[in-house]
Amino acid sequence: AKDRGKNNFQFYSAYMSQHAAKMLALESSLRRAIEREELVLYYQGKVETRTGRISGVESLVRWQHPELGLLSPDQFIPLAEETGLIVPLSKWVLREACKQVCEWQRQNLPPLNVAVNLSARQFVDDHLLEDTALVLRELGMDPTLLELEITESMMMHNPEHTIQILQGLKAMGIRIAIDDFGIGYSSLSHLRQFPIDIIKIDRSFIQDVPGDPADEAITEAIIAMGKSLKITVVAEGVEKPEQLQFLSDLSCEEIQGYFFSKPLPAKDFTKLLWRNLAP
Ligand code: C2E
Ligand code: CA
Ligand code: CA
Ligand code: CA
């Protein structure tokens, strides 16, 4: 038994060092990726339910890895968070997303909001307000076009600090969205304390509507709450016409999801924008 324990341990430590080596290699290649601009932003439209008009976009980062191909954020954001590389990565994302909306404006497309996902790390970092203000100033961008998405768990980690940061962002004209709403632990009374403009209903609630009575009730309640608090409600993960119909019947203001469009590279999204202008 003792020997077997030892073997297991050897196996385990071999596995661990292999894993650690892999992570280390990935870390240094991610560092290079940020410098060499191997990161790319994809854009997914947010659509007004009533009119079908694209009102804004969410920027979603990808890593065009020279050997591994196109990596999704789930494959490298956690590593970036762990290693602190999320800080330069996020700065790149914010600047790139803002540059892109300015570019669309330059092409005389109607003004579009751009949503950028914040990481937990950025939210405890003291430089968020400064860094954001700098990007907006450098690009001469209208701050009211920028939306920052945070999750409930980020807000609840330190509510006093959150309120302070959010008020700073609001004072600049930036709008705040709660991402993945409904799966966290924020209570409705909590919600009132935060200067929130937008709620994005998590995809897991939308997945089985219409059909699942509990999910239907939750979705309906969130939409009703948004209306009474004057918060814009966006449904995430809309894939099917029945879902759109259900949400439209409840007067959910905006939808986002594959039904309208998958996230696309800037070039393809630009084509979609021009097509969306035609009646
Ligand atoms: P998220 O912010 O909740 O973004 C929505 C995710 O749902 C995206 O996955 C999007 O491609 C996917 N999605 C959109 N519509 C549908 C649909 O109809 N059905 C299904 N099944 N999925 C849909 P993606 O791009 O893989 O991003 C995953 C997560 O990675 C994001 O979730 C966000 O939390 C994080 N992320 C992405 N970009 C960034 C970034 O620039 N910075 C940070 N900190 N996090 C990011
Ligand atoms: Ca998001
Ligand atoms: Ca989300
Ligand atoms: Ca998410």
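Each ligand, and each atom within it, is numbered from 1 in the order the structure gives.
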Pick from Ser261, Ala120, Pro73: the one approaching atom 24 (P) of ligand 1 most closely through a non-hydrogen atom: Pro73
Phe76, Tyr258, Phe123, Trp92: member with heavy atom nearest to atom 18 (O) of ligand 1: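 Nearest heavy atom to atom 18 (O) of ligand 1 lies in Tyr258.
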Looking only at side chains, do [X] and [Y] share a donor and an acceptor under 3.5 Å apart?
{"X": "Asp202", "Y": "Ser204", "result": "yes"}
{"X": "Ser55", "Y": "Glu254", "result": "yes"}
{"X": "Asn117", "Y": "Glu58", "result": "yes"}
{"X": "Trp63", "Y": "Glu38", "result": "yes"}
{"X": "Gln107", "Y": "Glu103", "result": "yes"}

Hey, does [X] come in under 3.5 Å of ligand 1, counting only N/O atoms on both sides?
{"X": "Val61", "value": "yes"}
{"X": "Ser90", "value": "no"}
{"X": "Arg62", "value": "yes"}
{"X": "Glu239", "value": "yes"}
{"X": "Gln44", "value": "yes"}

Result of checking Leu247, Ile201, Thr49 against Val233 for side chain to side chain contact (heavy atoms under 4.5 Å, CB included):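 Among Leu247, Ile201, Thr49, the one meeting side chain to side chain contact (heavy atoms under 4.5 Å, CB included) with Val233 is Ile201.
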Metal proximity, Asp180 vs the Ca ion (ligand 2), N/O/S cut-off 3.0 Å: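 Checking the Ca ion (ligand 2) against Asp180, no N, O or S atom falls under 3.0 Å.
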Short N/O/S contact of Asp179 with the Ca ion (ligand 2) (below 3.0 Å):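 Coordinating: yes.
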Pair Ile198-Ile176, side-chain contact (heavy atoms from CB on, under 4.5 Å): steps then yes or no: CA-CA 6 Å; Ile198 301 153; Ile176 312 294; over 6 Å; no
Three-point angle Glu149:OE1, the Ca ion (ligand 2), Glu58:OE2, rounded to the nearest 10°: 90°
Min heavy-atom dist Glu236 to ligand 1 below 4.0 Å: yes
Ligand 1 contacted by Glu58 (non-hydrogen, < 4.0 Å): yes
Proximity to ligand 1 by part of Asp180, non-hydrogen separation under 4.0 Å: side chain
Proximity of Val116 to ligand 1 by residue part, where a heavy atom lies under 4.0 Å: neither
[X] neighbourhood, listing ligand 1 atoms whose heavy-atom distance to it stays under 4.0 Å:
{"X": "Asp179", "answer": "1 (P), 2 (O), 3 (O)"}
{"X": "Pro263", "answer": "11 (O)"}
{"X": "Ser119", "answer": "44 (N)"}

Passing candidate, side chain to side chain donor-acceptor pair (under 3.5 Å) with Gln256, options Lys200, Glu236, Lys46: Lys200
Note: Arg121-Glu81 ion pair, threshold 4.0 Å (strictly below):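 Between Glu81 and Arg121 there is no salt bridge, as every charged N stays at least 4.0 Å from the carboxylate O atoms.
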Pair Asp180 + Arg203, salt bridge at N-O below 4.0 Å: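 Looking at Arg203 together with Asp180, the answer is no, because their closest N to O distance does not fall below 4.0 Å.
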ILVMFWY clustering at 4.5 Å (side-chain atoms), partners of Leu70: Val40, Tyr42
